[in-house]
Novice: 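What follows is a single structure, and I will ask about it in a moment.
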Number of protein chains: 2
Amino acid sequence: MSELQRRPTLMDVAEVAGVSRALVSIVMRGAPGAAESTRQRVLEAARQLGYRADSRARLLRSSRTKLLGLIFSSSQPFHSEIVDAAYAEASARGYEIALSAVASGRPEARAIETLLDVGAEALIIIAPTLSADDLAQHARQVPVVSLLRDNVGDLVDSVSSDDYAGIAIAVDHLVSLGHSRIVHVDGGAAVSSDRRRETYRSEMIRHGLQPVVVPGGPGEEDGMGAGQILQENLPTAVIAFNDRSALGIMENFRAAGIRIPEDVSVLGYDDSHFAKLSFVQLSSVSQDAPLLAAAAVGRAVDRIEGAKSPGSVVRTPHLVLRKTTTRAPAGN
Amino acid sequence: MSELQRRPTLMDVAEVAGVSRALVSIVMRGAPGAAESTRQRVLEAARQLGYRADSRARLLRSSRTKLLGLIFSSSQPFHSEIVDAAYAEASARGYEIALSAVASGRPEARAIETLLDVGAEALIIIAPTLSADDLAQHARQVPVVSLLRDNVGDLVDSVSSDDYAGIAIAVDHLVSLGHSRIVHVDGGAAVSSDRRRETYRSEMIRHGLQPVVVPGGPGEEDGMGAGQILQENLPTAVIAFNDRSALGIMENFRAAGIRIPEDVSVLGYDDSHFAKLSFVQLSSVSQDAPLLAAAAVGRAVDRIEGAKSPGSVVRTPHLVLRKTTTRAPAGN
DNA sequence: ATAGTCTTCTAGATCGTTCTAGTCGAACCA
DNA sequence: TGGTTCGACTAGAACGATCTAGAAGACTAT
């Protein structure tokens with residue numbers, strides 16, 4: 001069995017190249033202050049030894065890790081899309097991302113600790129459930145960016161999607177298709193469920209319509225249950241809290257022989273991977289994960305690199321129309 | 001605006017507790033050699049200051065981080081289930097997990113580097129796509145455990161599910177229900193697709209049946225496409241490469257008015273979150289994510305803590321019967 | 001009393017970097 | 001000529017932990 005070999009250090013390279021440690025350091029990180037000829041000699045020595053900087057030592061000294069902590073929930077597919085996009089943006093800005101998941105038996109606080117342990121310079125938390133106070137607590141140590149939630153106090157940055165606008169365009173769209181009996185299946189205890197519900201209510205009233213809210217939740221089964229309730233007095237259109245819930249609603253309708261969109265239009269929220277599938281073709285409000293992720297990474301980097309005051313970025317979502325919404329059936 | 005305060009160091013704690021740095025170090029890592037009374041005093045001081053050990057400094061000196069690197073693919077829901085379970089097991093064994101995702105534009109090699117940079121003591125890679133040689137290369141630096149793939153050379157540990165057994169029980173089950181025209185929709189270029197396909201072939205032959213393979217892939221759309229082909233000459237049962245593919249197949253059938261399981265039985269693989277949904281009830285081969293995750297974490301920890309030789313653990317999957325499989329229709 | 005053993009604690013070296021504050025010539029300037 | 005500036009380079013102190021060696025005091029054994 002081959003030994004785990006000790007990796008070469010700056011000192012080793014310095015000896016081979018016949019210069020000091022410090023100079024090798026200068027050359028390795030491309031800093032100015034070395035003659036071109038020696039630079040080449042050092043690089044050659046490094047190559048020959050297979051030298052790779054020990055990031056732990058480097059970071060210990062410079063207290064820079066170029067690491068962004070990202071906290072997501074492993075059970076939310078939409079979060080995965082954000083993670084993907086965040087990687088791209090971070091790497092474009094010269095940062096790496098350290099991930100930590102919130103899972104069953106692993107609360108947000110624990111995820112935060114892990115990320116601080118590995119040296120994250122800022123924290124991006126997707127849909128944080130901690131109280132504004134707790135978040136502020138952490139924000140005293142490192143910049144914290146809340147993604148998809150904006151009522152987080154003024155020590156914490158936030159990047160969110162405009163839920164008012166999202167629900168408003170959803171209602172507008174359905175109204176413009178002639179719907180008047182539009183029901184909202186809410187997200188129960190999920191982050192931003194309250195706001196979407198209330199916005200739905202006021203938008204309906206603004207249009208002179210009667211708001212009806214059916215309790216739901218963020219998962220497929222929640223939608224399934226809501227579908228059952230909806231059947232008792234079928235509306236012509238449903239705005240679901242998210243795509244997963246919409247799926248449950250649609251499955252419930254399908255089982256009962258209710259046609260979509262002929263009998264009921266269904267609108268999702270998130271425009272997730274799932275909504276795009278050819279056999280789903282769910283019309284949905286897109287929060288545009290890549291843009292949100294990019295904005296969050298951008299804020300985090302800006303804060304790390306000196307921006308003093310936290311701020312909040314709000315992006316306007318847009319509607320992606322597919323095949324689950326259509327004109328209201330005649331006679332409604 | 002309040003300053004971002006410097007995080008407290010051993011020295012700070014030592015001053016507050018009125019002891020030396022070294023003693024604080026002893027207390028913090030629970031090493032023997034401190035009187036109970038001082039231990040309490042130090043712990044209290046640490047708590048009060050909110051002290052957290054700096055893992056970089058610790059690693060630099062001792063090369064212990066108690067950190068396990070876990071690499072998964074953000075687009076695979078099944079991987080998320082493993083991640084969940086891995087967290088639980090790792091924390092039970094006193095380790096933390098550092099995650100790194102493989103995403104578009106972010107190859108496995110990059111994910112590995114990130115994890116080594118934050119100081120992972122071992123790497124667990126879910127369904128690695130790197131060559132056995134490349135994996136062996138990394139295995140010279142840290143223990144590497146391959147999860148869900150076992151042909152990884154003998155420098156790398158592997159924890160996998162027995163694909164032979166999995167497909168065999170799938171075929172056995174369908175045969176015992178009287179099916180003879182059983183088709184396999186394969187996983188295309190996905191890891192372990194080849195093995196499942198070949199096992200399917202030999203199991204069919206063993207039962208004196210004619211194997212038929214339809215090309216597929218790991219996603220819903222792949223299953224959708226395969227469904228189209230299957231319709232041309234409908235079998236009585238289909239074994240899909242995984243649950244996502246099974247979903248696509250079922251949707252295609254449903255659109256064509258083909259009933260499941262009355263007309264065709266469909267069997268998935270992975271027993272994912274999705275298969276369990278009340279309106280899906282997909283019969284599936286379960287690889288038991290929690291057990292696999294626990295085994296992988298176990299191997300990684302064992303290797304870190306001294307086990308010399310890499311080994312491979314193979315777990316036998318089992319069938320989870322729900323509502324998509326039934327007796328073969330009469331006359332087939 | 002002397003030596004030996006424990007227990008509890010500490011000083012100082014060390015890990016592999018980066019950073020600060022120089023040194024040492026050579027070139028430049030008036 | 002003597003002073004300043006500049007470029008190339010280096011010694012040694014950080015960074016925040018762990019580890020080794022050993023000191024100080026209490027206790028035991030002879």
Side-chain angles (χ1 to χ4, degrees), chain A residues 4-43 45-46 49-67 113 116-121 141-142, chain B residues 4-43 45-46 49-67 96 116-119 121 141-142 304:
Chain A
L4 293 186
Q5 67 232 22
R6 194 181 63 85
R7 46 193 284 177
T9 74
L10 268 190
M11 195 59 208
D12 299 325
V13 178
E15 263 164 24
V16 170
V19 294
S20 71
R21 266 172 16 231
L23 191 59
V24 177
S25 171
I26 286 170
V27 171
M28 293 318 289
R29 72 199 127 97
E36 188 50 32
S37 58
T38 17
R39 190 176 288 273
Q40 289 309 325
R41 192 151 39 90
V42 169
L43 285 174
L49 290 177
Y51 171 80
R52 274 198 75 208
D54 181 326
S55 62
R56 277 80 77 174
R58 157 175 300 180
L59 301 173
L60 174 57
R61 177 59 232 213
S62 64
S63 58
R64 292 301 317 271
T65 55
K66 290 259 178 180
L67 213 53
E113 281 183 15
L116 293 180
D117 272 355
V118 302
E121 295 186 63
Q141 297 201 41
V142 294
Chain B
L4 290 190
Q5 67 229 24
R6 197 179 55 84
R7 59 192 265 175
T9 74
L10 268 193
M11 194 59 206
D12 300 324
V13 178
E15 264 165 22
V16 170
V19 294
S20 71
R21 266 172 17 232
L23 191 59
V24 177
S25 172
I26 286 171
V27 171
M28 292 318 289
R29 72 199 127 96
E36 189 50 33
S37 59
T38 16
R39 190 176 290 272
Q40 289 310 325
R41 192 153 37 91
V42 168
L43 286 175
L49 290 176
Y51 171 78
R52 332 209 62 237
D54 182 323
S55 66
R56 292 155 292 176
R58 160 175 298 180
L59 175 63
L60 175 56
R61 180 59 228 209
S62 72
S63 44
R64 289 308 313 272
T65 53
K66 291 261 181 178
L67 213 54
E96 256 301 339
L116 292 180
D117 275 355
V118 301
E121 295 186 63
Q141 296 201 42
V142 294
I304 290 173

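This structure is a prediction, so every number in the text was calculated from the model and none was measured. Naming convention: chains lettered A, B, ... in sequence-line order (proteins, then strands); numbering from 1 in each chain.
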Novice: On a heavy-atom basis, which atom in Ala53(A) and which in Arg58(A) lie closest, and how many Å separate them?
Specialist: CB-NH2, 3.4 Å
Novice: Glu96(B): what forms a salt bridge (Lys or Arg N to Asp or Glu O under 4.0 Å) with it, not counting sequence neighbours?
Specialist: Arg106(A), Arg110(A)
Novice: Can you name the salt bridge (Lys or Arg N to Asp or Glu O under 4.0 Å) partners of Arg52(B), sequence neighbours left out?
Specialist: Glu113(A), Asp117(A)
Novice: Rounded to the nearest Å, what distance is computed from the CG atom of residue Leu59(B) to the P atom of nucleotide dG16(C)?
Specialist: 11 Å
Novice: Expressed as a whole number of angstroms, how long is the span from Arg7(B):CZ to dG16(D):C1'?
Specialist: 10 Å
Novice: Quick check on dT18(D): is either OP1 or OP2 less than 4.0 Å from any side-chain nitrogen or oxygen of Arg58(B)?
Specialist: yes
Novice: Could you measure the distance from the CD atom of Gln141(A) to the CD atom of Glu121(A)? Nearest 0.5 Å is fine.
Specialist: 13.5 Å
Novice: Between P on dT17(C) and CG on Asp54(B), what's the gap in Å once rounded to a whole number?
Specialist: 17 Å
Novice: For residues 13-20 of chain B, which side-chain donor-acceptor pairs fall under 3.5 Å, sequence neighbours excluded?
Specialist:
residue	atom	partner	partner atom	Å
Ser20(B)	OG	Leu23(B)	N	3.3

Novice: When rounded to the nearest 0.5 angstrom, what is the spacing between CG in Asp54(B) and CG in Leu60(B)?
Specialist: 10.0 Å
Novice: List in chain and number order the residues that pass side chain to side chain contact (heavy atoms under 4.5 Å, CB included) with Arg29(A), two or more places apart in sequence or in another chain; answer none if no residue qualifies.
Specialist: Ser25(A), Ile26(A), Ala31(A)
Novice: Mind calculating the distance between CZ (Arg61(A)) and P (dA17(D)) to the nearest angstrom?
Specialist: 15 Å
Novice: Using five base pairs at each end, measure the axis-to-axis angle across the helix from dA1(C)-dT30(D) to dA30(C)-dT1(D) and round it to 10 degrees.
Specialist: 50°
Novice: Rounded off to whole Å, could you give me the CZ-to-C1' distance for the Arg56(B) and dG16(D) pair?
Specialist: 9 Å
Novice: Quick one: CE on Met11(B) to CZ on Arg21(B), what's the gap to the nearest 0.5 Å?
Specialist: 6.5 Å
Novice: Tell me the interatomic distance from Asp12(A), atom CG, to dC15(C), atom P, rounded to whole angstroms.
Specialist: 11 Å
Novice: May I have the distance from Arg52(B) (atom CZ) to dG16(D) (atom P), rounded to whole angstrom?
Specialist: 16 Å
Novice: Report each atom pair, protein N/O against N/O of nucleotides 5-10 of chain C, whose distance is under 3.5 angstrom.
Specialist:
residue	atom	partner	partner atom	Å
dC9(C)	OP1	Thr38(B)	OG1	3.2
dC9(C)	OP2	Ala35(B)	N	2.8
dC9(C)	OP2	Thr38(B)	OG1	2.8
dT10(C)	OP2	Ser20(B)	N	2.8
dT10(C)	OP2	Ser20(B)	OG	2.9

Novice: To the nearest 0.5 angstrom, please state how far the OG1 atom of Thr9(B) sits from the CZ atom of Arg7(B).
Specialist: 10.0 Å
Novice: Using a heavy-atom cut-off of 4.0 Å across all strands, would you classify Thr9(B) as base, sugar-phosphate, or nothing?
Specialist: sugar-phosphate
Novice: Give the rounded distance in Å between these two atoms: CG of Leu10(B) and C1' of dC19(D).
Specialist: 13 Å
Novice: Compare side-chain N and O positions of Arg29(A) against OP1 and OP2 of dT17(C) and report whether any pair is under 4.0 Å apart.
Specialist: no
